[in-house]
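Each remark here refers to the structure printed beneath this line.
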Amino acid sequence: MSIPAPTPIRVRMAPSPTGPLHLGTARTSLYNFLFAHHVGGTYVLRVEDTDVERGTEAFESDIIDNLHWLGISWDEGPQVAGGEDIGPYAPYRQSQRMELYAREADRLLASNAAYHCYCTPGELDAVRKEQERNHEAPRYNGRCLSLTDADRAAFIAEGRQPALRLKVPPDHIRFDDLIRGEVEFDNALLGDFVIVRSNGMPLYHFVVVVDDEAMGITHVVRGEDHLSNTPKHIALIRALGYREPKFGHIPLILNPDRSKMSKRKSQTAITAYREQGYLPEAMVNFLAFLGWSPGTEEEIFSLEELAARFEIGQVHKAGAVFDKERLDYLNGVYIRSLADGQLALRLRPFLPVELDDDIVMRLAPLLKERLVRLADATELAAFLTETDEQVAALHEPDQLVPKGRTAGETAAALGLARDALAAVDDPDFAAGELEAICRSAAEAHGWKPGDFFRPLRVAITGRLVSPPLFGSMELLGRNRTLSRADAARSRLGD
RNA sequence: GCCCCCAUCGUCUAGAGGCCUAGGACGCCACCCUUUCAAGGUGGAGAUCACCGGUUCGAAUCCGGUUGGGGGCACCA
């Protein structure tokens, strides 16, 4: 094996801005990125915004921002939401490429490879229902294929606007999938599908094919949900006289019940994980192993290392369940590997106030100490927001309250810690000093520093961080009592 | 309903005919360490490799079937 020479390989990711960046899209983008980097190819981002009703610019920026956050970069396409397109095939937003699609649609119509269809949604629906009754594959019955000029004139007089359908020849379509090997479909089952809506907007299947050709895409790597759509694309490619790219269909990411991952059953937005304190390194490492492995027992890899090892042919065929526990574990691995200053910097977005570098760096050792050694999100939140009774009820008596102490004494200690903290209410305080003050306060009241520790840390960390950080502290702490606290909370009817 | 894809511990996976009485990791359990919780260390439970039938001296690995699961069949992407 030698380092591959630059190749003319071109791959793309083609997100549709109809929602925030989804785990599945992120993983597909990652695999394309890894593949492109492994073979020295070119990576293109193309925004598929032909669905004007659902797409928004806010989603486009969420997608682009979070892709960057993950460390995935691309050679061509918009680098910033709403920004300028970079690359020889600009524009890279489909909404700006309409003339191309119109031209190609006309070409299809002129060569008699496509035809106008005047059927109404109601008529189409009736046909579909009839087919269902007869246990046939639901597909267009070809009514408008043999329209006379008089029929057409009558429809136009009625005010009907035609959609454009591809005339699908009854071939057997066979292709060699990069991941699945030989796959074969019978085109006769497809039916003539619509490629341009009656309102003139081209449809997805049509525009991907046109753009992949126009942008010189050589390898189409996408989710398995498109496997059954591939014969449509190949039919289109043939009708248009294009070169056929290689296809590779990666397995789906699954909900715990093994259905295709969905917003309903799982948390799918990358932003949500980002806000909860997951590190991009952990996310990338985790996602990469959902459907691929280097074939060894190693499992901690940076993006660069992944790109060096990634082989598209090694990608699995079976879907993989998204296991949050494992993500949490990986996140912990990466957080613990961070130096104090690094961690503090990563934590900064979660702090309730803007702090300058100097303060952040001074706080770093304290934050790291606290976060890595212990932190239970639920306990902290409870301590800060609930009444003493609730706190006491929430936890097994011996869980939170030190041996030999009562819940009341513990609550008092908390107040004590808060007082100590208030005594040094100076933005410039040194973390070490603060802890020393708290410790001596504890001893002055006859508490062993150890017993005092828990309320103390609540006072300190609770003051320094905002609620979203609790999520990441949970990941750091990996506290087993969390589930018990959750159970207690639901018992309380909260 | 029709078409296509898939199938190793609960989960992510190693395994491309003998190295497998199936390995690692997460999670779980126990113990150690520790002022508590984590982290770390040690050990443990956990998979008749979905099932049936071939091919072979030999199959988790090859072939066929069955079952199960998933995906796709829009004037969504």
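Predicted, not measured: the structure shown is a model, and the values here were computed from it. Each chain gets a letter, A, B and so on, in the order its sequence line appears, and its residues count up from 1.
Here A:K265 pairs with A:D257, A:S259 under the side-chain hydrogen bond (donor to acceptor under 3.5 Å, both in side chains) rule; sequence neighbours left out.
The partner of B:G1, taking Watson-Crick or G-U wobble pairs whose two distances both stay under 3.5 Å, is B:C73. Across all strands shown, B:C26 forms a Watson-Crick or G-U wobble pair with B:G10, both key distances being under 3.5 Å. Base pairing of B:C62: its partner is B:G54, meeting the Watson-Crick or G-U wobble criterion (both donor-acceptor distances under 3.5 Å).
Residue A:Q131 is classed as having no contact, given no heavy-atom separation below 4.0 Å to the nucleic acid. Within 4.0 Å (heavy atoms only), A:H249 reaches no atom of the nucleic acid at all. Counting any heavy atom pair closer than 4.0 Å across all strands shown, A:L124 reaches a base atom. Within the 4.0 angstrom heavy-atom criterion, only backbone atoms of the sugar-phosphate kind lie near A:R165; the bases stay farther away. A:N229 comes within 4.0 angstrom of a nucleotide base, judged by non-hydrogen atoms across all strands. Base engagement by A:S198 is indicated by at least one non-hydrogen atom pair under 4.0 Å involving a base atom.
To the nearest angstrom, P of B:G69 lies 16 Å from CD of A:E224. Counting to the nearest Å, the C1' atom of B:U13 and the CZ atom of A:R309 are 15 Å from each other. To the nearest angstrom, P of B:C75 lies 13 Å from CG of A:L166. Atom-to-atom, CZ of A:R258 to P of B:G68 comes out at 16 Å; the value is rounded to the nearest Å. Distance CG (A:L227) to P (B:C3): 15 Å, rounded to an integer number of Å. Rounded to a whole Å, the NZ atom of A:K232 is 11 Å from the P atom of B:C76.
Picking from B:U11, B:G27, B:C75 the nucleotide with the shortest atom distance to the side chain of A:E325 gives B:G27. When distances run from any side-chain atom of A:R197 to the nucleotides B:A77, B:C2, B:A14, the shortest one goes to B:A77.
Contacts between residues 167-181 of chain A and RNA chain B, defined by a heavy-atom separation under 4.0 Å, are made by A:R180.
For the pair A:R165 and A:Y140, the cation-pi test (distance below 6.0 Å, angle within 45°) is passed. Figure legend: cation-pi geometry between A:R27 and A:Y31, with NZ or CZ positioned under 6.0 Å from the six-membered ring centre and within 45° of its axis.
Salt-bridge annotation for A:D192 and A:R139: absent, with no side-chain N of the basic residue lying under 4.0 Å from a carboxylate O of the acidic one. Salt bridge status for A:R160 with A:E123: present, with a side-chain N to carboxylate O gap under 4.0 Å. Taking the charged nitrogens against the carboxylate oxygens, A:K260 and A:E224 have no contact shorter than 4.0 Å, which rules out a salt bridge.
When the C1' atom is compared between B:G43 and B:A59, the two are found 33 Å apart, to the nearest whole Å. With both ends at atom P, the span from B:G27 to B:A22 equals 24 Å, rounded to whole Å. The C1' atoms of B:A30 and B:C63 are separated by 47 Å, rounded to the nearest whole Å. Distance noted for atom C1' between B:C20 and B:A60: 9 Å (whole Å). Across the P atoms, B:U11 and B:A47 are found 12 Å apart, a figure rounded to whole Å. B:A50 and B:C28: their P atoms are spaced 27 Å apart (whole Å). Of the C1' atoms belonging to B:A45 and B:U36, the separation is 28 Å, rounded to the nearest Å. When the P atom is compared between B:G64 and B:C19, the two are found 25 Å apart, to the nearest whole Å.
Taking the nucleotide of RNA chain B with the nearest heavy atom to each of A:V183 and A:G291, the more 5' of the two is matched to A:V183. For the pair A:Y204 and A:P294, both in contact range of RNA chain B, the more 5′-proximal nearest nucleotide belongs to A:P294.
At most 12 heavy atoms of other shown residues, nucleotides or ligands fall within 6.0 angstrom of atom CZ in A:R174.
With A:F286 as the fixed residue, the ring pair (Phe, Tyr, Trp, His ring centres under 6.0 Å) test singles out one of A:Y273, A:Y278, A:Y329, A:F322: A:F322.
A distance-only check finds no donor-acceptor pair linking the side chain of A:T268 to the backbone of A:L23 [under 3.5 Å].
For a distance-only test at 3.5 Å, the side chain of A:S228 qualifies as a donor-acceptor partner of the base of B:G71. Below the 3.5 angstrom threshold, one finds a donor paired with an acceptor across the side chain of A:R326 and the base of B:A25.
For the OP1/OP2 pair of B:G72 and a distance below 4.0 Å, the side-chain nitrogens and oxygens of A:K260 include at least one atom meeting the criterion.
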